[in-house]
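As the structure lists them, so they are numbered: ligands from 1, and atoms in each ligand from 1. Bear in mind the structure is a predicted one, so any value in this text is a computation, not a measurement.
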Amino acid sequence: MSTSYTLITGASMGIGEAFARNFADKGHNLVLVARSRQKMEHLAEELCQKSGVKVAVCVQDLSSINASATVYNFCKERYIKIDVLVNCAGLSWAGSFREIPLAKMEEIMMVNMKAMAHLTRLFASDMVEQKKGDIINVASLGGLQGVPGLGLYSATKAFVIALSESLYEELKDQGVNIVVVCPGFIETGFFEHSGHNVKKIRLPLSDVDVVVKAAVRGLKKRKIRVFPTSIDAILVFLQRLLSRKTVVRLAGFFAAVDAD
Ligand SMILES: NC(=O)c1ccc[n+]([C@@H]2O[C@H](COP(=O)([O-])OP(=O)(O)OC[C@H]3O[C@@H](n4cnc5c(N)ncnc54)[C@H](OP(=O)(O)O)[C@@H]3O)[C@@H](O)[C@H]2O)c1
């Protein structure tokens, strides 16, 4: 007999770790997916002790083409049934598009788009069969328009938003709920990892918990997409009033990436 679990990618730190803590608090068993074995093993131990849930650690580099199938088989082999899938793993690269190393481009596209799409495809099929399942996809406000200096990243997040919205409609009568969360700037190691000077960002950074709460609330209310803070909501509303050129220029102004 299989047991129900929540699978979180990018669970080793930042927003993914916050999702893991939140779902463990609510009594969900977890599968943690990322590359950092030690961080996930420490987190797993802590959550098992604190919340009494089962936590499986699946060390995987999601930029490898077979990673999603390996994650899926990891669950099957252990009779782990995924009721909730959180696609949170992601990365960026800050700077002029002309200067991104080609290998970094591949990595960003693999993790942000392909792994997210592959995992959703694999687990959503099982969820439809069970007529039960929730999927949270972590996109970004950056996916709502191009962002100078973060062009590839914003394009991958536009992919996440478009796919999630399509699937919301496709899956809503099959017992499967999907929400895409679009955070603004969140205080994690994300900027340091991408070479984005956080001190230059011209908007306040929010706590990881606002993302988790917005996503969970969005799922409950059957929202198609959610924006975690009121600043995010205002920026989205402003898009209706401003010209597209201004929207893109403003996004670049707020992100303040040196991309000349
Ligand atoms: N921070 C923000 O301001 C912000 C805003 C909007 C959206 N987001 C999105 O939120 C998500 C989480 O970001 P974060 O802020 O928590 O960043 P973070 O602290 O840098 O965490 C990124 C996570 O993704 C995992 N990851 C990266 N590359 C991977 C790979 N090749 N294989 C497997 N896992 C990989 C990392 O784990 P390992 O290094 O252990 O593999 C880590 O757990 C991302 O999708 C990001 O685009 C962030």
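Between the side chain of N29 and the backbone N or O of K54 there is at least one donor-acceptor pair closer than 3.5 Å. Side chain of Y168 to backbone of R222: a donor-acceptor contact under 3.5 angstrom is found. At least one donor-acceptor pair closer than 3.5 Å links the side chain of H193 to the backbone N or O of G189.
Annotation for ligand 1: atoms under 4.0 Å from non-hydrogen atoms of L62 are 30 (C), 31 (N), 32 (N), 33 (C). With ligand atoms numbered from 1 in the order given, ligand 1 contributes 30 (C), 31 (N) to contacts under 4.0 Å with heavy atoms of V111. Those atoms of ligand 1 with a heavy atom of G184 less than 4.0 angstrom away are 3 (O), 4 (C), 5 (C), 6 (C). Those atoms of ligand 1 that come under 4.0 Å of a heavy atom in C88, given as number and element, are 11 (C), 12 (C), 44 (C), 45 (O). Near Q60, the atoms of ligand 1 lying under 4.0 angstrom from a non-hydrogen atom of the residue are 32 (N), 33 (C). Taking every non-hydrogen atom of S140 and a distance limit under 4.0 Å, the qualifying atoms of ligand 1 come out as 6 (C), 7 (C). Contact atoms of ligand 1 toward F185: 3 (O) (distance under 4.0 Å to a heavy atom of the residue). Taking every non-hydrogen atom of F191 and a distance limit under 4.0 Å, the qualifying atoms of ligand 1 come out as 2 (C), 3 (O).
For a threshold of 3.5 Å applied to N or O pairs, the pair formed by V33 and ligand 1 contains no separation below that value. By the 3.5 Å distance cut-off applied to N or O atoms, E107 is not counted among the residues near ligand 1. Residue contacts with ligand 1: I186 is placed with a nitrogen or oxygen under 3.5 Å of a nitrogen or oxygen of the ligand (distance criterion only). Here's the thing with G10: one of its N/O atoms is less than 3.5 angstrom from an N/O atom of ligand 1. For the pair P183 and ligand 1, the shortest N or O to N or O distance does not fall below 3.5 Å.
Taking both residues in full, the closest heavy atoms of C58 and V31 are given as CB-CG1, 4.2 Å, listed atom of the first, atom of the second, then distance. Here the closest non-hydrogen pair linking V128 and V176 is N-CG2, 3.8 Å.
Side-chain contact between N112 and F159: absent, with no pair of heavy atoms (C-beta onward) separated by less than 4.5 Å.
Ring centers of F23 and Y5: at least 6.0 Å apart, outside the cut-off.
If you look at T188 next to ligand 1, the close heavy atoms, those under 4.0 Å, all belong to the side chain. Heavy atoms of D61 found under 4.0 angstrom from ligand 1 belong to the backbone as well as the side chain. When non-hydrogen atoms are compared, ligand 1 lies under 4.0 Å from the backbone of M13 as well as from its side chain. Only the backbone of A139 comes within 4.0 Å of ligand 1, counting heavy atoms alone; no side-chain atom from C-beta on gets that close.
Between F190 and Y153, the ring-plane angle classifies as tilted under the 30° and 60° cut-offs.
Among R35, M110, H193, E192, the residue whose heavy atom sits closest to atom 29 (C) of ligand 1 is R35.
Remark: K26 NZ is packed, more than 12 non-hydrogen atoms of other residues, nucleotides or ligands lying under 6.0 Å away.
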